[in-house]
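Here is the naming used below: chain letters follow the sequence lines, and residue numbers restart at 1 for every chain. Side chains included, hydrogens not; waters and symmetry mates left out as well; all remaining heavy atoms used.
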Protein chains: 2
Amino acid sequence: MGRETKKTQGAAYAASGVDIDAASRTVELIKRKARATFRSEVLTDIGAFAGLFQLSGYKEPVLVSSVDGVGTKVKIAIALDRHDTIGIDLVNHCVNDIFTCGAEPLFFLDYIAMGKLVPDQVESVVSGLSRACSDVGCALIGGETAEMPGLYASGDYDLVGFMVGVVERGNILDNRSIQAGDAILELPSSGLHTNGYSLVRKTFNVERSTLNTFYPELGRTLGEELLEPHRCYYPKLKRLLPRIKGMAHITGGGLIDNLPRILPDGLCARIEAGSWSIPPIFALIQQRGGVDQREMYRVFNMGIGMVLVCSPGHVEEVIASAPEARLIGEVTEGRGKERVIVS
Amino acid sequence: MGRETKKTQGAAYAASGVDIDAASRTVELIKRKARATFRSEVLTDIGAFAGLFQLSGYKEPVLVSSVDGVGTKVKIAIALDRHDTIGIDLVNHCVNDIFTCGAEPLFFLDYIAMGKLVPDQVESVVSGLSRACSDVGCALIGGETAEMPGLYASGDYDLVGFMVGVVERGNILDNRSIQAGDAILELPSSGLHTNGYSLVRKTFNVERSTLNTFYPELGRTLGEELLEPHRCYYPKLKRLLPRIKGMAHITGGGLIDNLPRILPDGLCARIEAGSWSIPPIFALIQQRGGVDQREMYRVFNMGIGMVLVCSPGHVEEVIASAPEARLIGEVTEGRGKERVIVS
């Protein structure tokens with residue numbers, strides 16, 4: 001498989017800040033986790049420099065791919081020295097992205113770069129990746145672990161994921177059938193998901209002691225709230241695909257920037273304020289940071305993780321199958337500059 | 001297409017260090033460059049959250065993928081404020097990796113994370129990506145640009161690439177036919193490619209003034225030498241694939257670690273020292289850093305970018321088609337711990 005860890009040995013190289021023994025141990029730890037996700041299409045024991053995945057059983061396969069990071073949420077994981085959930089965030093973000101086209105996940109590759117390679121830390125990150133991949137039947141077929149002293153501070157790391165999925169050409173969710181009168185439903189987020197962390201870190205001046213503070217309105221510590229993994233909507237919604245006309249993954253830019261990405265020209269979205277519940281973390285951030293309401297909606301998901309559009313006649317069926325879904329508005333005609341009106 | 005730039009607006013968010021206007025401008029600049037690489041299989045104007053590529057014309061397609069970074073070579077680009085070649089390094093590294101399985105490139109996605117988004121800098125990086133993608137007929141179908149103050153210093157960035165290629169199952173280069181007596185040839189590297197930069201930075205204490213120093217033995221400045229892009233072997237070798245039994249991309253770990261990755265059990269490689277030319281940069285580093293010979297071979301490519309194995313009867317044909325190729329040794333039987341013997 002295509003897992004590489006930049007490893008080299010010798011006294012001079014060690015003195016340059018790159019630890020080879022740690023790298024070798026890490027490769028072994030990771031390989032075990034990755035193998036647990038393999039499916040029959042993964043060709044193992046060949047491909048020393050790359051990952052191989054055989055594609056079969058599709059008539060007109062379209063490969064759907066996405067690359068994502070977790071933003072500065074990784075700084076929360078680092079501050080708390082808790083690394084077993086950040087990989088879940090990353091995989092779920094990717095799965096949701098490709099799922100908006102109607103695609104099912106096939107395989108995933110990761111990149112972890114850090115100032116100082118700590119094998120346990122990397123193993124913990126990969127255990128999250130591997131768990132989330134297994135949950136959606138996705139194979140973790142490769143990755144790169146790079147120790148880069150001088151670019152990352154010791155203890156810091158960045159985490160990047162790349163996912164490839166597939167959808168039959170005729171089943172691509174291309175949003176073209178969306179029309180005025182269609183229903184807009186939301187699936188709740190689990191919290192901030194992976195967006196808005198730079199603002200959060202500004203607001204709370206994040207340190208271990210701040211993160212370990214218990215907030216009664218959250219029912220847990222701030223750190224636990226902020227590390228809550230990005231939710232994955234694929235397992236819950238995949239059977240509903242024939243009923244769904246379009247889906248928007250609510251990430252950076254919030255409802256205001258992401259929902260218009262799936263609306264055909266001449267259409268806008270009318271959203272009823274109060275029709276879904278906004279988790280208390282958002283009020284806490286708004287209050288502490290003195291952030292105005294409009295900006296909150298452009299930085300954060302405000303409790304909405306995924307939006308789906310369907311015919312009004314299918315709303316009941318969607319809610320029966322995904323009981324947490326809420327009807328929040330409808331598609332209307334409109335050529336104004338504001339394409340998402342929350343009122 | 002799937003190009004995302006974390007963008008958000010509002011006073012509070014700007015104060016947190018994330019610049020939205022810069023992000024929007026960057027998206028436009030990048031889109032133009034990326035579109036120049038599109039091929040007919042890229043489905044545009046759909047897939048707001050992902051990149052779509054239709055796969056057709058293959059009987060038993062195997063997808064071959066690789067994820068790579070450029071290591072701390074990026075620090076050289078940053079020190080010199082020259083960003084138009086680092087993208088070439090990244091794409092070529094990926095192309096070489098998947099090519100070792102016999103695969104042709106299909107599409108590429110990038111991730112650029114930085115402390116402070118500078119649109120011209122990102123455009124420059126993407127122009128390199130786009131140029132190298134075009135050179136091998138690969139579509140740049142998506143990416144993410146993430147401004148992450150607090151993780152990256154202002155001016156610093158990291159660059160990650162994901163490539164997917166394809167090969168017919170029956171044409172996979174699986175190295176299994178390699179046997180004792182086979183010839184080992186090398187294709188020259190253009191210099192360090194993307195490995196060993198942490199050691200280089202330790203040796204030279206890299207700063208702008210050091211990098212701008214002219215070295216007579218290099219015939220150019222140290223900075224020019226160190227930024228020389230990673231060479232791509234796909235265009236030169238693709239027609240020779242039917243003659244090639246195996247290929248090893250010489251990256252981190254050098255000849256000593258990478259060549260064994262393609263050798264079947266019970267075989268080793270006997271390499272004749274002096275049979276290829278070692279560019280002067282390596283002697284310069286060795287001398288300055290007091291690095292011993294053995295370590296040089298494990299950290300650097302020592303002038304060898306790609307190794308290929310073929311029957312002795314095909315050597316002439318390979319060299320006729322790729323005149324820069326040099327015969328450097330042969331595959332022999334051997335069960336010792338050292339699988340690459342340079343003598």
Side-chain angles (χ1 to χ4, degrees), chain A residues 2 6-10 12-13 16-18 46-55 61-69 71-72 75 97-98 100-101 109 111 113 142-144 146 148-151 156 158 160 162 164 169 172 174 198-199 201-202 249 252-253 261-262 289 291 295 298-299, chain B residues 2 6-10 12-13 16-18 46-55 61-69 71-72 75 97-98 100-101 109 111 113 142-144 146 148-151 156 158 160 162 164 169 172 174 198-199 201-202 249 252-253 261-262 289 291 295 298-299:
Chain A
K6 294 211 186 294
K7 55 166 183 166
T8 11
Q9 45 197 22
Y13 212 67
S16 76
V18 177
I46 45 176
F49 300 89
L52 280 79
F53 189 99
Q54 181 159 13
L55 191 71
V62 173
L63 302 175
V64 181
S65 52
S66 181
V67 54
D68 285 297
T72 46
K75 291 290 276 187
D97 272 354
I98 68 163
T100 61
C101 298
L109 293 93
Y111 171 87
E144 170 136 328
M148 294 168 75
L151 189 65
D156 270 7
D158 198 6
V160 188
F162 166 68
V164 173
R169 171 105 201 205
I172 293 173
D174 64 4
S198 290
L199 180 48
R201 291 177 53 236
K202 181 90 183 167
H249 185 199
R261 294 165 78 179
I262 65 164
V291 188
E295 188 174 1
R298 295 198 87 128
V299 176
Chain B
K6 296 215 182 292
K7 54 166 185 166
T8 12
Q9 45 197 20
Y13 212 64
S16 75
V18 177
I46 46 178
F49 300 88
L52 281 78
F53 189 99
Q54 182 158 12
L55 191 70
V62 173
L63 301 174
V64 181
S65 52
S66 180
V67 53
D68 285 297
T72 45
K75 291 290 276 186
D97 272 354
I98 67 163
T100 62
C101 298
L109 293 93
Y111 171 86
E144 170 134 330
M148 294 168 75
L151 189 63
D156 271 5
D158 197 6
V160 189
F162 300 95
V164 173
R169 170 106 200 205
I172 293 174
D174 65 4
S198 290
L199 180 47
R201 291 177 53 238
K202 182 87 184 170
H249 185 199
R261 294 164 80 179
I262 65 164
V291 187
E295 187 172 1
R298 294 199 90 128
V299 175

Requested in this report: Name the region of V64(B), side chain, backbone, both or neither, that has any atom closer than 4.5 Å to a heavy atom of chain A.
Outcome: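 For V64(B), backbone and side chain are both near chain A.
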Requested in this report: Name the region of L151(B), side chain, backbone, both or neither, that has any atom closer than 4.5 Å to a heavy atom of chain A.
Outcome: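 The answer is both parts of L151(B).
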Report task. Would you mind checking which part of L55(A) comes under 4.5 Å of any heavy atom in chain B, side chain (CB onward), backbone (N, CA, C, O), both or neither? Result ->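 Both backbone and side chain.
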Query raised in the report: Relative to chain B, which segment of V164(A) carries a heavy atom at a distance below 4.5 Å: side chain, backbone, both, or neither?
Result: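 Interface part for V164(A): side chain.
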Requested in this report: Mind checking the CD1-CG spacing from I262(A) to D174(A)? Nearest 0.5 Å is all I need.
Outcome: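 That separation rounds to 11.0 Å.
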Query raised in the report: When rounded to the nearest 0.5 angstrom, what is the spacing between CG in L63(A) and CZ in F53(B)?
Result: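 So the gap between those two atoms works out to 7.5 Å.
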Query - Where S66(B) and I98(B) come nearest, the two heavy atoms and their spacing - result: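 Scanning both residues completely, I find the closest heavy atoms to be CB-CG2, 3.8 Å.
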**Report entry** Nearest atoms (heavy-atom pairs only) where H249(B) meets F49(A)
**Finding:**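 Smallest interatomic distance, heavy atoms only, reads O-CE2, 3.2 Å.
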